[in-house]
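Working notes, structure below.
Per chain, numbering begins at 1; letters A, B, ... match sequence-line order.
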Amino acid sequence: MSDLRVRFAPSPTGYLHIGGARTALFNYLLAKKNNGTFVLRIEDTDVERSTQESVDAILFAMDWLGLSYDEGPFYQTERFDLYKQKVQEMLDNGKAYRCYCTPEELEAKREKAMAEGRKPKYDGTCRNRTDQPDAPFVVRFKLPEDKEETTFNDRIKGPITFRHEELDDLIIQRSDGTPTYNFVVVIDDAEMDINLIIRGDDHVNNTPRQILLYEAMGYAVPEFAHVPMILGSDKKRLSKRHGATSVMAYQEMGILPEALINYLARLGWSCGDEEIFSMADLIEKFSLENVGRAAGVFNPEKLNWLNSHYIKTGDVSRLAELLKPFLTAKGVDFSNGPDMAAVVKTLQERSSTLIEMADGAAFYFAETIEYDEKAREKFLTADQADLFAVVVEQLEACDQFNHDGLDRAFAVVMEKTGLKFGKVAQPLRVALTGVTASPSIYEVLEVLGKDRSLRRIKAAQQALV
RNA sequence: GUCCCUAUCGUCUAGCCUGGCCUAGGACACCGCCCUUUCACGGCGGCGACGGGGGUUCGAAUCCCCCUGGGGACGCCA
C-alpha cells in the first residue's frame with residue numbers, strides 16, 4: 001500500500017461534536033502510527049449553514065485535544081471551479097443530466113413512496129429528456145446500468161453489498177449551481193489522494209454511490225472504515241438532551257483533554273484489559289482491527305474516572321495553571337493566596353474534575369471563612385474554647401510549619417487536652433476551612449502557612465457558639 | 001415502510017476469525033469490609049452478561065439459519 005493518507009472532513013455548521021472528535025482521533029492515530037498524512041478539510045458546500053465561527057470552534061477544539069493535521073485546512077468553497085469543471089465533464093460525457101423536477105414534486109413523490117411502503121427514490125423523470133427548458137434545474141448523476149450491485153470491503157465491518165435497485169440518480173449540483181456533498185467528497189478525497197476514509201457509520205449508505213462516482217470519474221476507489229456511532233444512555237443517537245456533546249463543553253466541565261482522548265479511544269476500541277492510554281500509547285497500539293462494530297453508549301462516569309486518574313497523576317504546575325480560570329469563574333481572588341501548586345497537591349487525590357478542584361480550593365484563598373452552619377454548631381462550640389487556646393499556643397510556638405513540626409506541636413496539644421487527634425482535628429478543620437471535609441489538617445496548615453492559619457483559628461475563637 | 005449495519009454484566013469491553021484453556025476475564029458504576037484526623041485515595045471482597053429458537057459437532061459465547069431487539073440511511077444537509 002502506498003503511504004497512508006487519511007482525512008477528517010467536518011462541516012462547519014456547529015461546534016466539534018464528541019462523535020466527530022472520535023473519528024478525527026482515529027484518523028489522527030492511524031496517520032501517526034503509519035507515518036501517514038492527516039488532512040483536514042472543511043466541508044462547507046452548504047453555504048447557508050456554514051459559518052466561520054464554526055470553523056474556528058472546530059479548529060480550536062482539535063487543537064485543545066492535540067489533534068494536529070499535516071495538510072489543510074482546505075475549504076471546499078475555494079474549490080468550486082474544480083467542481084464546476086467536473087460537473088461539466090459529467091454532463092458532456094453523458095454521465096449526468098439536467099433535471100427540472102421541482103422540490104415540491106420530488107417531495108410529493110417521496111411521501112407517496114413512503115406511504116406505499118416503497119423506498120423513496122427519484123423516478124428518473126428527466127433522465128432521458130433532450131430539451132433544455134428555460135427553467136431552474138439540478139444536475140443528477142446517472143446511475144450506471146451495467147452492474148447490479150456494488151460491494152466494498154469495509155475495514156471495520158467487512159464486506160457490504162448494495163443492490164443498485166436501492167440507489168437512484170443523485171443530485172450532484174443544486175439549482176443554485178453549488179455542488180452537493182456526495183459529489184465533492186469524492187472529488188476531494190480523490191484529488192487529495194486519500195486512500196483510506198475513516199468516517200462515521202452514518203455514511204455507509206452513501207458509500208456505494210460514492211464508489212460509483214469514483215468509477216465514473218476514473219478515480220481509484222479508496223478503502224473505507226466506518227466507525228460506529230456514539231449513543232446516549234437511552235441508546236438513541238447522542239444529542240444535547242443526553243448532556244454535553246461539544247468537545248469544549250467538556251473543557252468547561254473541568255475535563256482534561258488527555259482524559260477525553262483516552263475515553264473516546266476506549267469507546268468502541270480496546271487493547272486487552274488496558275484502560276489507561278496516553279496519546280503516545282494510542283499511536284503505538286491503535287488499530288482498526290480492534291474497533292468494535294456496534295454503536296457504543298457514552299458513559300460520563302467513566303470519563304470522570306479517567307479524568308480523576310489524570311488529575312491524580314498530572315503535572316502539578318500544569319494543573320495549577322489550568323485551575324486558575326476555574327477559580328476566577330468562581331470569583332476567587334488567588335493573587336495573594338497560598339502557593340497554587342501546593343494547593344493543587346492537596347487536592348489531586350480528591351478531585352475528579354477541575355471544577356471540583358476549584359470548589360475544594362476556594363477556602364484556601366478566602367479572606368474570611370464562612371462556616372457551614374451545621375459544622376459550626378457541631379464543632380465550633382463554647383466547650384472548644386480550651387482546645388483552641390492550646391492549639392493557638394502551640395502553633396504560635398511552632399517554628400517548623402511542616403508535617404514534622406506540626407506533628408510535634410499536636411503531640412503536645414493532645415497531651416495537654418487529653419483529646420485524641422480526631423477530636424482536635426475536626427474543630428480545627430472547621431475553623432480553617434469552614435466545612436468538615438477537606439485535605440488533611442497538616443496539609444491545610446502547611447499550605448495556609450502559620451500566619452494565615454493562626455488568623456483563622458483566632459477568628460474561630462471569636463465565633464464559638 | 002424499504003435497504004444497510006449490529007447483538008457478551010446497567011455501561012465500555014476481553015474471548016469469537018483459528019470451537020474444548022470460559023463454573024465467561026477486566027474496567028466504570030453500585031454494595032460491603034479494611035486503612036484512616038474528615039472527605040477522598042488505596043487495598044480486599046461482592047453483585048452482575050453470552051437476547052430467543054433451531055441446527056452442525058463428542059463438545060458452541062465461539063460456526064450456520066431464522067426470529068427478536070438496537071442503530072443508521074432513505075434531503076436541491078453533510
Side-chain angles (χ1 to χ4, degrees), chain A residues 9-13 43-46 48-50 76 99 101-103 106-107 110 113-121 136-140 154 156-158 160-163 165-168 170-182 184-185 199-208 226 228-229 231 233 235-237 263 266-276 289-290 292-306 308 312 347-352 356 360 375 379 410 420-426 428-430 433 435-442:
Chain A
S11 55
T13 54
E43 311 237 311
D44 54 355
T45 53
D46 184 353
E48 294 284 300
R49 297 197 298 158
S50 300
Q76 292 185 319
C99 167
C101 298
T102 66
L106 296 171
E107 183 54 32
R110 222 181 338 262
M114 286 273 226
E116 290 173 3
R118 286 179 294 115
K119 183 165 182 150
K121 296 190 335 185
F137 63 88
V138 298
V139 177
R140 287 184 185 270
D154 194 277
I156 291 173
K157 294 176 183 284
I160 299 176
T161 300
F162 283 86
R163 312 250 336 140
E165 60 199 30
E166 299 300 329
L167 277 23
D168 65 358
L170 87 152
I171 294 171
I172 59 175
Q173 186 180 85
R174 301 183 185 92
S175 54
D176 67 358
T178 58
T180 60
Y181 165 75
N182 277 111
V184 298
V185 74
R199 68 201 340 180
D201 214 340
D202 47 342
H203 284 291
V204 300
N205 294 277
N206 289 326
T207 308
H226 288 101
M229 310 260 79
L231 310 178
S233 50
K235 301 233 181 182
K236 299 288 178 204
R237 193 178 181 147
Y263 180 73
R266 269 292 283 112
L267 211 195
W269 171 83
S270 61
C271 184
D273 285 341
E274 291 179 63
E275 294 288 350
I276 305 297
E289 286 65 48
N290 294 318
R293 288 165 303 175
V297 174
F298 186 79
N299 181 225
E301 275 85 35
K302 189 142 186 182
L303 206 210
N304 269 353
W305 172 73
L306 281 165
S308 64
K312 216 173 298 167
L347 265 7
Q348 274 178 295
E349 296 213 326
R350 25 177 61 80
S351 313
S352 70
E356 275 184 34
F379 295 108
F410 278 97
K420 290 215 250 183
F421 192 69
K423 295 288 180 192
V424 176
Q426 276 313 77
L428 191 52
R429 189 185 312 281
V430 177
T433 71
V435 292
T436 53
S438 80
S440 83
I441 283 297
Y442 288 181

Residue set satisfying side chain to side chain contact (heavy atoms under 4.5 Å, CB included) with S233(A), at least two apart, ordered chain then number -> H242(A)

Looking at residues at least two apart in the chain, or sitting in another chain, which of them share a side-chain hydrogen bond (donor to acceptor under 3.5 Å, both in side chains) with E301(A)? N299(A)

Taking N or O atoms only and anything under 3.5 Å, show me the protein contacts with nucleotides 70-73 of chain B, one pair per line.
unit_1	atom_1	unit_2	atom_2	d
G71(B)	OP1	K236(A)	NZ	2.7
G72(B)	O3'	R237(A)	NH1	3.4
G72(B)	N2	N205(A)	OD1	3.2
A73(B)	OP1	R237(A)	NH1	2.9
A73(B)	O4'	N205(A)	ND2	3.0

Which residues pass the side-chain hydrogen bond (donor to acceptor under 3.5 Å, both in side chains) test with E289(A), not counting sequence neighbours? none

Residues at least two apart in sequence or cross-chain that pass side-chain hydrogen bond (donor to acceptor under 3.5 Å, both in side chains) with S50(A), listed by chain then number, are none

Atom C1', compared across C65(B) and U57(B): separation rounded to whole Å: 16 Å

Partners of F162(A) by ring-ring contact (aromatic ring centres under 6.0 Å, His included), sequence neighbours excluded? none

Tell me every residue that passes side-chain hydrogen bond (donor to acceptor under 3.5 Å, both in side chains) with N304(A), counting only those two or more places apart in sequence or in another chain. none

Residues two or more places apart in sequence or in another chain: which of them pass side chain to side chain contact (heavy atoms under 4.5 Å, CB included) with V139(A)? V87(A), L91(A), A96(A), F137(A), I172(A), Q173(A)

Applying side chain to side chain contact (heavy atoms under 4.5 Å, CB included), name anything that partners E274(A), two or more places apart in sequence or on another chain. C271(A), F277(A), K285(A)

Which residues pass the side chain to side chain contact (heavy atoms under 4.5 Å, CB included) test with I171(A), not counting sequence neighbours? V138(A), R140(A), T180(A)

Let me have a per-nucleotide readout for nucleotides 44-52 of chain B, 5' to 3', with B, S or -, counting only protein heavy atoms under 4.0 Å. ---------

Quantified in whole Å, what is the C1' atom distance between nucleotide U68(B) and nucleotide G51(B)? 8 Å

For each nucleotide in nucleotides 28-43 of chain B, reading 5' to 3', give B when a protein heavy atom comes within less than 4.0 Å of its base, S when such contact involves only the sugar-phosphate, and - otherwise. S--------BBBBSS-

